[in-house]
Amino acid sequence: MIGVLLLLLLLLPLFLYIAAPQIRKMLCSGMCTSTVQLPGKVAVVTGANTGIGKETAKELAQRGARVYLACRDVLKGESVAREIQLITGNQQVLVRKLDLADTKSIRAFAKDFLAEEKHLHILINNAGVMMCPYSKTADGFEMHMGVNHLGSGVTAYSVHPGTVKSELIRHSSFMKWMWWLFSFFIKTPQQGAQTSLYCALTEGLEILNGHHFSDCSVAWVSAQARNETIARRLWDVSCDLLGISVE
């Protein structure tokens, strides 16, 4: 009996290795199937120097858009821009400094962008932090609140990419271990980018503005998330914290 159990334990990693691609495929049910091309369009992708943001920017560039990589680490961003240019043949992949933990950097980015471009057709607010040690932004906000909410602002769509292998877990040794343990079943950055691409490229989604998407389809959200009174209060408080007035 013990011998059988030992044999099963030895065969389990092999089974997982063989079955992993199919299991991952089942977990990655949503794919952006749009064939829309983007010549003449302008896109901004935050946090585009790695992971989901990088894959999103690459796909937009492949479709002919002029893509701005809005990154905190400009040198890393420039390296990724050259890589995307080489892969896609699109030389209109540009890097601009953007630190979402500093509202001065955000305002400077916006001012410089408006001086360069007359239109912005696609905005992907991809950058974010997770489980980082307690710290504050340059403006004194708790880091998660400051970067993920106040720094990124308000978007037309909310998307959940799923469980993706990315640098988002870099601050947690436990999560790194969990990601390694279940790496066979975790989405790749390219797979994780599909829902953002779906919302950015699929025609006719305007009627679904404000909805939450997961795996390229509308997803359920809690009653609190659908509460207009709470949403308005959050909007007003956020504007007060940032010192902006929006009618």
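What you see is a predicted model, and the numbers here were worked out from it, not measured in a lab.
Rounding to the nearest 0.5 Å places CG of Asn125 at 7.5 Å from CG of Leu100. The structure places CZ of Phe113 at 12.0 Å from CG of Leu98, a figure rounded to the nearest 0.5 Å. Rounding to the nearest 0.5 angstrom, the gap separating the OG atom in Ser135 from the CD atom in Glu142 is 7.0 Å. Separation of atoms CG (Asp240) and CH2 (Trp235) is listed at 11.5 Å; rounding is to 0.5 Å. Rounding to the nearest 0.5 angstrom, the gap separating the SG atom in Cys199 from the NE2 atom in His211 is 11.0 Å. For the atom pair Arg107 CZ and Ile244 CD1, the distance stands at 7.5 Å (nearest 0.5 Å).
Taking each heavy atom of Val221 and Ala225 in turn, the nearest pair found is CB-CB, 4.0 Å. Ala57 approaches Leu69 most closely through the heavy-atom pair CB-CD2, 3.5 Å. Contact between Lys136 and Met143 at its shortest, heavy atoms only, is O-CE, 3.4 Å. Contact record, Val147 with Gly128: CG1-CA, 4.2 Å, taken as the closest heavy-atom pair. Minimum interatomic distance between His121 and Lys41 (heavy atoms only, all atoms of both residues): ND1-CA, 3.4 Å. Taking each heavy atom of Ile124 and Ser196 in turn, the nearest pair found is CD1-O, 4.1 Å.
Surrounding CZ of Arg233 are at most 12 heavy atoms belonging to other residues, nucleotides or ligands under 6.0 Å away.
A continuous path of ILVMFWY side-chain contacts below 4.5 Å connects Leu38 to Leu197, so both sit in one hydrophobic cluster. Val95 and Ile52 fall into different hydrophobic clusters, where Ile, Leu, Val, Met, Phe, Trp and Tyr residues are linked whenever their side-chain heavy atoms come under 4.5 Å apart, directly or through other members. One hydrophobic cluster, built from ILVMFWY side chains closer than 4.5 Å, holds both Ile84 and Leu201. Both Val42 and Leu123 are members of a single hydrophobic cluster when ILVMFWY side chains are connected at heavy-atom separations under 4.5 Å. Follow the hydrophobic side-chain contacts under 4.5 Å out from Val67 and you never reach Val44; the two are in separate clusters.
Counting only distance, with no hydrogens or angles, the side chain of Gln194 and the backbone of Cys216 share no donor-acceptor pair below 3.5 Å. Remark: the backbone N or O of Ala70 is not paired with any side-chain donor or acceptor of Lys97 at under 3.5 angstrom. A donor-acceptor pair under 3.5 Å is absent between the side-chain atoms of Asp73 and the main chain of Asn49, judged by distance alone. Judged purely by atom type and a 3.5 angstrom limit, Thr195 has no side-chain atom pairing as donor or acceptor with the backbone of Gly192. A distance-only check finds a donor-acceptor pair linking the side chain of Asn126 to the backbone of Thr46 [under 3.5 Å]. Distance alone, capped at 3.5 Å, is enough to place a donor-acceptor pair between the Asp102 side chain and the Lys104 backbone.
Ionic pairing of Glu228 and Arg232 is not present here: no N-O contact between side-chain nitrogen and carboxylate oxygen is shorter than 4.0 angstrom.
Proximity of Lys58 to Pro189: side-chain heavy atoms (C-beta onward) are nowhere separated by under 4.5 Å.
In this structure, Tyr134 shares a hydrophobic cluster with no other residue, the cluster being traced through Ile, Leu, Val, Met, Phe, Trp and Tyr side chains under 4.5 angstrom apart.
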Verdict with reasoning, Asp112 to Arg96, per side-chain contact (heavy atoms from CB on, under 4.5 Å): CA-CA 9 Å; Asp112 293 344; Arg96 297 294 181 266; 6.0 Å; no
Stepwise side-chain contact (heavy atoms from CB on, under 4.5 Å) check, Ser238 with His149: CA-CA 9 Å; Ser238 300; His149 175 62; 2.6 Å; yes
Criterion side-chain contact (heavy atoms from CB on, under 4.5 Å) on Leu75 and Glu78, from CA distance to verdict: CA-CA 5 Å; Leu75 290 178; Glu78 289 175 343; 3.9 Å; yes
Full working for side-chain contact (heavy atoms from CB on, under 4.5 Å) between Thr50 and Val80: CA-CA 8 Å; Thr50 188; Val80 170; over 6 Å; no
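Relative orientation of the Phe213 and Tyr198 rings is tilted, given thresholds of 30° and 60° on the angle between their planes.
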